[in-house]
Amino acid sequence: MPLRFYNTLSQKVEEFAPLDGHTVRVYTCGPTVWNFVHIGNLRTFTSQDILRRWLQYRGYKLMHVMNITDVDDRIIQQAAAAGQPIGEYTARFTQAFFEDTGKVRLQQPELVCKATDHIDDMVRLIGQLGENGCTYESDGSVYFRIAKFPAYGKLSHTHFAGMKAGARVDSDRYDKDDARDFVLWKAKKEGEHYWDTPLGQGRPGWHIECSAMAMRYLGETLDIHAGGVDLVFPHHENEIAQSEASTGKPFVRFWMHTEHLMVESQTMSKSLGNFYTLRDLLEKGYAPEAVRYLLASVPYRKQLNFTFDGLRSAATAIERLRNYELRLKTSKLPEGMSAGIQERTRKAQAQFEAALDDDLNTAEALGAVFEYIRDTNTALDGGEFLAGNREGALDLLERFDSIFDVLRPAVSEHGLQDGEIEALVEERAQAKKTRNFARADDIRRKLLDQGVVLEDTREGTRWKRK
RNA sequence: GGCGCGGUAGCCAAGUGGUAAGGCAGAGGUCUGCAAAACCUUUAUCCGCGGGUUCGAUUCCCGCCCGCGCCUCCA
């Protein structure tokens, strides 16, 4: 079965291949840098990381562009409250964003672009829309006239036909001709950051930055545009309107939206006290890999119920994976190659790949890997897993980790050096030989205090950092 | 109200028109100086509820109940 993704536009799972056959042009809506990323943001970004990695696994080149929204109402407000220029305020959170996403091992997009660096592109795009007769000005602001774009609503599958224009006009927004119209350019307000442009003094509306930057770097038709489900309407709907009304071409082939994350079955919100940033979780002592695993383990189109129980489960599951890898690498195996095991490995890889090809079904992919681990652990116990099978199993793990990326422990702390650990392991082996178990246990305890776990096996003692 | 997603074991969660993956937790066992790791057995006669289609439905259709999201700037 070929690679296929659910497309919000068609509401169907469709076969995917990049337009030009080799390079996938992806645009994802990045963070608004007014605060630290929370785990809901991270869920979306993690699913996009899985997407990236899977496209690469399937041999495609990537041109992935992500924007940084570094000007919007909240930023202006918060920066003012902090008494800082917006650039200074956003720089701090932009840096924090990359620190945090790096900790959960998100690959960097090929290109990251900031809204404030692309004001000219936005102004040009708005100008083009003006030439096409899609805009109007009111009180110094420029609006997009939805009536000029009949396809409006095709992404969110909203039918505005029966809705009377103006019926839902918000009393605060009488400056618009139609309630659905949205702002492209906001007139300057006293004391707010503004740009001097042919459109007048002001700042861009929210939606225009994505259209402008996406088309600037990826062309008029993108392969994939992704974001959280909440962006379907109005953000992405408006992006389509702006882009297609300007170029007359389809803006995006595949729209992919990540479902939201819940916390203990409830909406995550500050008022409920269940709002967590990544930093909150790390401070509580959870490993970033566990966060990554948990966020990646539920397929992106399903709401993910985040619980601390789940986070601990994730950490234990990672332990199982790492134990298995350690066992594979350290076990002395009988010579030879088992055809049965080889076939089992091939099958596991096929299942793993089929699962991810099927709209990134990470849960099923994990199932395939764990099932394989249990089977081969049994074979290892029974002596049927032979030296010749080791490479295949390690290769499978490597393939798995090229997507999930949880096998390597976070930071190797500055504790004991390998040589020191090995010397102590050797000393303990001698103590055990002389049945000096007190000394042996003493060494094990001492190492455990340093985060090193010892495991005695038939072939001797192996160790790992916890 | 409109549009959309979902309701599967203690928790998380996959899945199929033919009789329920996987992870975590629990119980018992094997192994072990101890411990860990690992394995074995066990934990849903049943997939929100009620109808219908079918030889057969958790999987398709209809209705209902419940949770969640969006409906103008929230990933």
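Lettering follows sequence order; numbering is per chain, from 1. Keep in mind that the numbers below use all heavy atoms, side chains included, and drop hydrogens, waters and symmetry copies.
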[N] to [M] separation - [atom1] atoms, rounded to the nearest Å:
{"N": "B/rU41", "M": "B/rA35", "atom1": "P", "result": "24 Å"}
{"N": "B/rA44", "M": "B/rG33", "atom1": "P", "result": "36 Å"}
{"N": "B/rG1", "M": "B/rC64", "atom1": "P", "result": "10 Å"}
{"N": "B/rG28", "M": "B/rA13", "atom1": "C1'", "result": "26 Å"}
{"N": "B/rA38", "M": "B/rG23", "atom1": "P", "result": "11 Å"}
{"N": "B/rG48", "M": "B/rA57", "atom1": "P", "result": "15 Å"}
{"N": "B/rC62", "M": "B/rG4", "atom1": "P", "result": "13 Å"}
{"N": "B/rC70", "M": "B/rU53", "atom1": "C1'", "result": "34 Å"}

All side-chain contact (heavy atoms from CB on, under 4.5 Å) counterparts of A/V37, not counting sequence neighbours: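 A/V37 satisfies side-chain contact (heavy atoms from CB on, under 4.5 Å) with A/N41, A/L42, A/F45, A/F97, A/D100 only.
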
Identity of whatever pairs with [N] - Watson-Crick or G-U, under 3.5 angstrom:
{"N": "B/rC55", "value": "B/rG18"}
{"N": "B/rC5", "value": "B/rG67"}
{"N": "B/rC73", "value": "none"}
{"N": "B/rA27", "value": "B/rU41"}

A/Y6 six-ring centre to A/R301 NZ/CZ under 6.0 Å and within 45° of normal: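 Pair A/R301/A/Y6 counts as cation-pi.
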
If you check the [X] side chain, which of [options] turns out closest?
{"X": "A/V183", "options": "B/rC12, B/rA21, B/rC73", "value": "B/rC73"}
{"X": "A/Q303", "options": "B/rG67, B/rA14, B/rA75", "value": "B/rG67"}
{"X": "A/E259", "options": "B/rA14, B/rC39, B/rC5", "value": "B/rC5"}
{"X": "A/D456", "options": "B/rA14, B/rC34, B/rA38", "value": "B/rC34"}
{"X": "A/K302", "options": "B/rA25, B/rG7, B/rA35", "value": "B/rG7"}
{"X": "A/A440", "options": "B/rC12, B/rC3, B/rG33", "value": "B/rG33"}
{"X": "A/T267", "options": "B/rA14, B/rG69, B/rA37", "value": "B/rG69"}
{"X": "A/A363", "options": "B/rC39, B/rG33, B/rA14", "value": "B/rA14"}
{"X": "A/R43", "options": "B/rA75, B/rA13, B/rG15", "value": "B/rA75"}
{"X": "A/F437", "options": "B/rC73, B/rA38, B/rG33", "value": "B/rG33"}

Do [X] and [Y] have a side chain donor and acceptor closer than 3.5 Å?
{"X": "A/T378", "Y": "A/D375", "result": "no"}
{"X": "A/R312", "Y": "A/Y286", "result": "yes"}
{"X": "A/D70", "Y": "A/Y89", "result": "no"}

5'-most by nearest nucleotide on RNA chain B - A/T457 or A/Q266: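 The 5'-side residue here is A/T457.
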
Residue whose nearest RNA chain B nucleotide is more 5′ - A/S297 or A/R74: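 Nearer the 5' end of the strand: A/S297.
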
Residues A/R465 and A/D418 bridged, charged N to O under 4.0 Å: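 Salt bridge between A/R465 and A/D418, a charged N being under 4.0 Å from a carboxylate O: yes.
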
Pairing of A/K148 and A/D178 as salt bridge, 4.0 angstrom limit: no

N/O donor-acceptor pair, side chain A/R444 with base B/rC34, under 3.5 angstrom: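 Such a pair is found, so the answer is yes.
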
Side-chain donor/acceptor contact of A/D441 with base of B/rG33 under 3.5 Å: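 Looking at the base of B/rG33, it does pair with a donor or acceptor on the side chain of A/D441 (distance under 3.5 Å).
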
Residues in contact with RNA chain B, drawn from residues 3-14 of chain A - heavy-atom cutoff 4.0 Å: A/Q11

Mutual orientation of the aromatic rings belonging to A/H225 and A/H236 [parallel < 30°, tilted 30-60°, perpendicular > 60°]: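 Rings of A/H225 and A/H236: perpendicular, as their planes differ by over 60°.
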
A/R374 side chain near B/rG22 phosphate (N/O to OP1/OP2, under 4.0 Å): yes

Sub-6.0 Å ring centroid separation between A/F93 and A/F36: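 Centroid distance A/F93-A/F36: below 6.0 Å, so yes.
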
Value in whole Å for how far the P atom of B/rC70 lies from CZ of A/F233: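 Roughly 13 Å, once rounded to whole Å.
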
Spacing between A/W463 atom CH2 and B/rA37 atom C1', to the nearest angstrom: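 It works out to 17 Å between those atoms.
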
Aromatic ring of A/F370 stacked on base six-ring of B/rG22, 5.5 Å, 30°: no

A/H260 ring over B/rG69 six-membered base ring, under 5.5 Å and 30°: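 Stack criterion not met.
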
